[in-house]
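Here the structure is laid out as structure tokens; the discussion comes afterwards.
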Amino acid sequence: METTSKKSLITGEVMKSSILGAFKKLNPVYMVKNPVMFVVEIGFIFVLLLAIFPNLMGDGTGSHLRLYNSIVAVILLVTLLFANFAESIAEGRGKAQVQTLKKTKTVTEARVLLSDGTQIMKQANELVKGDIVIVRTGEVIPNDGEVIEGIATVDESPITGESAPVVKERGGDFSSVTGGTTVTSDWLKIEITSLPGESFLDKMIALIEGASRKKTPNEIALNTLLVSLTIIFLLVVVTLYPMTTYLNVTIPVATLIALIVCLIPTTIGGLLSAIGIAGMDRVTQFNVIAMSGKAVEASGDVDTLILDKTGTITYGNRMAEEFKPIKGVKEIDLIRAAWLSSLKDDTPEGKSILSLAVKLNVDSTDEKRIVETSEDIPFSAQTRMSGLDMQDGTKIRKGAYDSIKDRSIAAGRALPKDLEELVHQVSSLGGTPLVVAEDDHILGVIYLKDIVKPGLKERFELLRSMGIKTIMCTGDNPLTAATIAKEAGVDGFIAESKPEDKINVIKEEQSQGKIVAMTGDGTNDAPALAQANVGMAMNSGTNAAKEAANMVDLDSNPTKIIEVVEIGKQLLMTRGALTTFSIANDVAKYFAIIPAMLMVGVPEMRALNIMHLNSPTSAILSALIFNAIIIPLLIPIAMKGVQYKPMAASKLLNQNLLVYGLGGIITPFVGIKLIDMIIGPISQMTGL
Ligand SMILES: Nc1ncnc2c1ncn2[C@@H]1O[C@H](COP(=O)(O)OP(=O)(O)OP(=O)(O)O)[C@@H](O)[C@H]1O
Ligand SMILES: [K+]
Ligand SMILES: [Mg+2]
């Protein structure tokens with residue numbers, strides 16, 4: 001699957017604003033939201049004071065101490081800036097995108113059609129829900145809405161990044177339009193469905209700007225852990241103080257603060273929000289808009305994926321292929337009834353039946369009269385039927401086998417003997433059989449042909465190896481469902497399902513503690529999209545679906561949920577890996593610094609000073625410098641995410657513990673030693 005738009009990674013512009021952002025974020029009001037880094041900031045302020053007034057805590061007055069305190073203060077400041085920079089740069093790409101989107105929002109006027117037929121011009125920001133507007137070629141659609149008349153091509157590229165215009169028309173799946181897109185041919189009559197400032201585009205801008213970004217549940221839990229660790233290390237260092245006095249080692253307060261900062265989980269504390277933002281951004285790069293970080297995170301935890309058949313697993317442009325009459329019924333009578341039943345059917349299925357009937361020379365001379373005089377019985381997922389009631393009282397219906405069957409039985413009719421056989425023939429090909437009835441007489445079956453998308457089997461295999469169960473939900477009959485399910489390789493299916501059945505499947509899974517994802521595009525999918533932990537609506541779908549979902553796929557490709565799940569997993573893994581690395585780092589630093597610090601007063605400690613660092617001062621400064629530069633060094637991993645390979649969760653965990661845990665323990669020893677080799681001689685020269 002290709003992403004349609006790849007935005008360049010980090011531009012000079014983003015770099016500049018990120019550096020600026022790093023300084024702006026030093027504001028304590030902002031810093032306090034990140035407790036670990038806030039502790040570093042307090043430490044910095046404290047050491048800064050000690051640089052100015054070295055004897056503030058009774059450490060003495062020497063100029064060396066002043067210099068030392070100043071150096072520690074500078075490194076602490078740099079640590080803060082690095083952490084802030086990580087967050088800024090993660091936000092940077094989104095900011096550039098917002099600029100482009102804001103340019104889209106330049107509509108000022110809309111042509112409103114009043115109920116008396118007159119047209120007036122109104123400011124776009126004065127439009128209310130229910131207003132009817134007319135948009136002509138070259139004009140921008142003023143707000144989100146549903147097409148109620150007309151057919152036109154619309155350029156949606158500002159939102160989807162897709163340059164080819166899309167056709168919009170009344171009814172079906174292509175009736176919703178987005179404010180800010182441009183009509184490129186013909187005209188549309190649109191009913192406005194959003195209030196000014198609440199359009200899809202507005203929401204996208206707000207989301208990307210971070211206005212509605214909240215800490216996710218996992219982030220909150222991790223933060224609690226990080227705060228606990230911070231408190232523990234604070235206590236460790238505080239209790240070290242009387243111990244050193246007892247051992248007759250004098251340790252400057254700045255060193256103790258440096259030690260605290262080295263030991264508390266600053267690496268993950270500094271990168272945590274960047275990881276979250278980058279995760280959301282990666283989804284955006286895939287042309288999926290996530291309404292919250294929580295949604296992206298939930299997609300990483302998905303256990304069950306509910307997919308609908310038509311349009312997700314199959315291409316969904318179901319075309320009438322053949323008319324199969326019941327024994328004793330003339331083919332032309334079936335064709336005529338099928339044609340009648342579709343005269344007012346707006347769905348693609350209905351249209352394809354009309355064109356096949358016309359191709360087979362149906363008698364259509366009285367079309368106009370019938371259209372004008374009969375009553376439309378539109379298709380609904382609830383009834384799974386469509387048709388019309390004619391002026392003479394004849395009721396023409398076509399629909400799902402069980403729906404028409406129930407209807408006939410209710411009317412006290414016996415079913416034709418060969419009906420089941422015809423339905424079976426179509427179903428075993430994976431096609432959708434539509435049964436046609438005139439009043440309660442069943443005339444035959446329409447074969448709607450559909451094709452399973454290629455490559456799905458491999459993708460479902462991939463999901464299975466991630467431990468995700470796939471369930472196909474369809475309104476179609478059990479045999480068609482079984483045929484398609486087998487061909488596509490899903491784990492299970494539910495046939496003859498009505499919209500509420502989808503919700504029930506989701507609830508059932510959730511009651512077993514499972515996290516459920518689903519995709520959908522119709523108004524009838526909206527409740528299920530809202531019920532699912534991850535609901536991904538298609539951009540081409542109805543506004544109700546988009547409103548209910550917590551993600552929208554701008555490319556309207558339902559199988560993209562698979563990539564979203566991968567990105568979510570990658571986000572969770574990246575966070576886990578860097579947390580492991582960070583904590584392993586801190587523990588390693590403890591063993592690297594403490595012996596070097598104490599060996600002055602406790603000669604026995606020399607044995608533990610396996611790193612042979614130049615001096616206690618050099619040891620602590622090296623550790624502090626390492627602690628700072630590890631943050632920018634890890635920014636690429638935070639942004640790109642650790643590589644995800646599908647495998648069992650436990651195996652993955654073990655592998656990550658090995659790589660990031662062991663790596664986290666070894667890296668500080670190597671890093672601190674290298675830095676010590678550089679700054680050791682300098683600190684000796686300056687006599688620090
Ligand atoms: N235009 C139509 N007129 C009458 N019956 C239809 C029409 N379109 C579909 N049906 C019948 O209604 C059933 C349900 O349709 P619906 O679109 O809700 O589900 P589906 O497309 O079969 O499955 P999925 O939920 O996978 O999209 C179809 O299986 C078909 O039998
Ligand atoms: K640290
Ligand atoms: Mg459908």
Side-chain angles (χ1 to χ4, degrees), residues 36-37 39-40 43 79 83 171-173 226 229-230 233 258-270 306-314 316 318 320 338 341-342 344-354 377-388 396-404 423 426-427 431-437 445-446 448 450 472-478 480-481 484-485 488 490 493-499 501-502 518-525 528 558 581-590 593 623-624 626-628 630-631 664 668:
V36 180
M37 296 318 287
V39 169
V40 179
T79 311
D173 287 345
L226 298 184
L229 282 173
T230 305
F233 280 118
L259 188 61
I260 291 174
V261 171
C262 282
L263 297 184
I264 64 175
T266 47
T267 316
I268 185 64
I306 314 268
L307 302 137
D308 70 342
K309 171 179 75 74
T310 312
T312 301
I313 291 177
T314 64
R318 284 190 288 213
S341 77
S342 303
K344 291 191 159 195
D345 184 0
D346 265 342
T347 67
E349 287 86 351
K351 287 175 191 164
S352 84
I353 292 167
L354 278 188
I377 308 291
F379 168 72
S380 86
Q382 200 66 40
T383 60
R384 287 181 290 145
M385 281 188 274
S386 62
L388 40 80
I396 309 279
R397 294 290 183 277
K398 67 168 184 293
Y401 172 49
D402 63 321
S403 303
I404 300 285
V423 168
V426 173
S427 303
T432 295
L434 287 189
V435 181
V436 182
V445 173
I446 309 169
L448 293 179
D450 205 353
M472 180 183 91
C473 260
T474 175
D476 231 323
N477 72 83
T480 305
I484 299 285
V490 288
F493 67 86
I494 292 165
E496 287 172 354
S497 68
K498 293 192 175 161
D501 297 326
K502 284 195 192 176
M518 87 154 262
T519 58
D521 57 0
T523 302
N524 59 323
D525 292 326
F581 186 87
S582 175
I583 293 173
N585 243 283
D586 295 332
V587 173
K589 266 178 258 164
Y590 185 85
I593 318 164
L624 199 58
F626 174 83
N627 189 62
I630 195 73
I631 297 176

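Atoms within each ligand, like the ligands themselves, are counted from 1 in listed order. The model shown is predicted, which means the values in this text are computed figures rather than measured ones.
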Angle at the K ion (ligand 2) (to 10°), with one arm to O of Cys262 and the other to NZ of Lys589: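 Nearest ten degrees: 60°.
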
Apex the K ion (ligand 2) - arms O from Ile264 and O from Val261 - angle rounded to 10°: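 About 80° at the K ion (ligand 2).
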
Shortest non-hydrogen separation from Gly350 to Ser342 and the atoms involved: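 Closest pair (atom of Gly350, atom of Ser342, distance): O-CB, 3.5 Å.
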
Taking [Y]'s backbone N and O only, do any of them form a donor-acceptor pair with [X]'s side chain (distance below 3.5 Å, no angle check)?
| X | Y | answer |
| --- | --- | --- |
| Arg384 | Gly475 | yes |
| Ser497 | Lys502 | no |
| Lys398 | Ser341 | yes |
| Asn585 | Phe581 | yes |
| Ser380 | Thr383 | yes |
| Thr480 | Gly431 | yes |

Ligand 1 atoms in contact with [X] (distance to a heavy atom under 4.0 Å):
| X | answer |
| --- | --- |
| Thr347 | 1 (N) |
| Cys473 | 25 (O), 26 (O) |
| Lys309 | 24 (P), 26 (O) |
| Asp345 | 1 (N), 2 (C), 3 (N) |
| Leu434 | 5 (N), 6 (C), 10 (N), 11 (C), 30 (C), 31 (O) |
| Ala381 | 18 (O) |
| Gly399 | 4 (C), 5 (N) |

Any N/O/S atom, backbone or side chain, of [X] lying under 3.4 Å from the K ion (ligand 2)?
| X | answer |
| --- | --- |
| Asn585 | no |
| Thr267 | no |
| Pro265 | no |

pair Cys473-Asp501: side-chain heavy atoms closer than 4.5 Å: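 SC-SC contact between Cys473 and Asp501 ruled out.
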
Shortest reach to atom 13 (C) of ligand 1 by a heavy atom, considering only Met385, Arg384, Arg397: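 Result: the heavy atom closest to atom 13 (C) of ligand 1 is in Arg384.
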
Residue portion contacting ligand 1 (non-hydrogen atoms closer than 4.0 Å) for Asn477: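 No part of Asn477 comes within reach of ligand 1.
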
Nearest-0.5 Å distance, NZ of residue Lys589 to CG of residue Asn627: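 Between Lys589 NZ and Asn627 CG, I get 3.5 Å after rounding to 0.5 Å.
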
Min heavy-atom dist Arg318 to ligand 1 below 4.0 Å: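 For ligand 1, residue contact (heavy atoms, under 4.0 Å) with Arg318 is present.
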
Donor-acceptor side-chain pairing of Asn477 and Ser427 below 3.5 angstrom: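 Yes - a donor-acceptor pair under 3.5 Å links their side chains.
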
Min N/O separation Thr474 to ligand 1 under 3.5 Å: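 Between Thr474 and ligand 1, an N or O pair is found under 3.5 Å apart.
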
Counterpart residues, salt bridge (Lys or Arg N to Asp or Glu O under 4.0 Å), relative to Lys351 (two or more places apart):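 By the salt bridge (Lys or Arg N to Asp or Glu O under 4.0 Å) rule, Lys351 matches Glu169.
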
Minimum-distance atom from the K ion (ligand 2) among N, O or S atoms of Asp586: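 Going through the N, O and S atoms of Asp586 one by one, OD1 ends up nearest to the K ion (ligand 2).
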
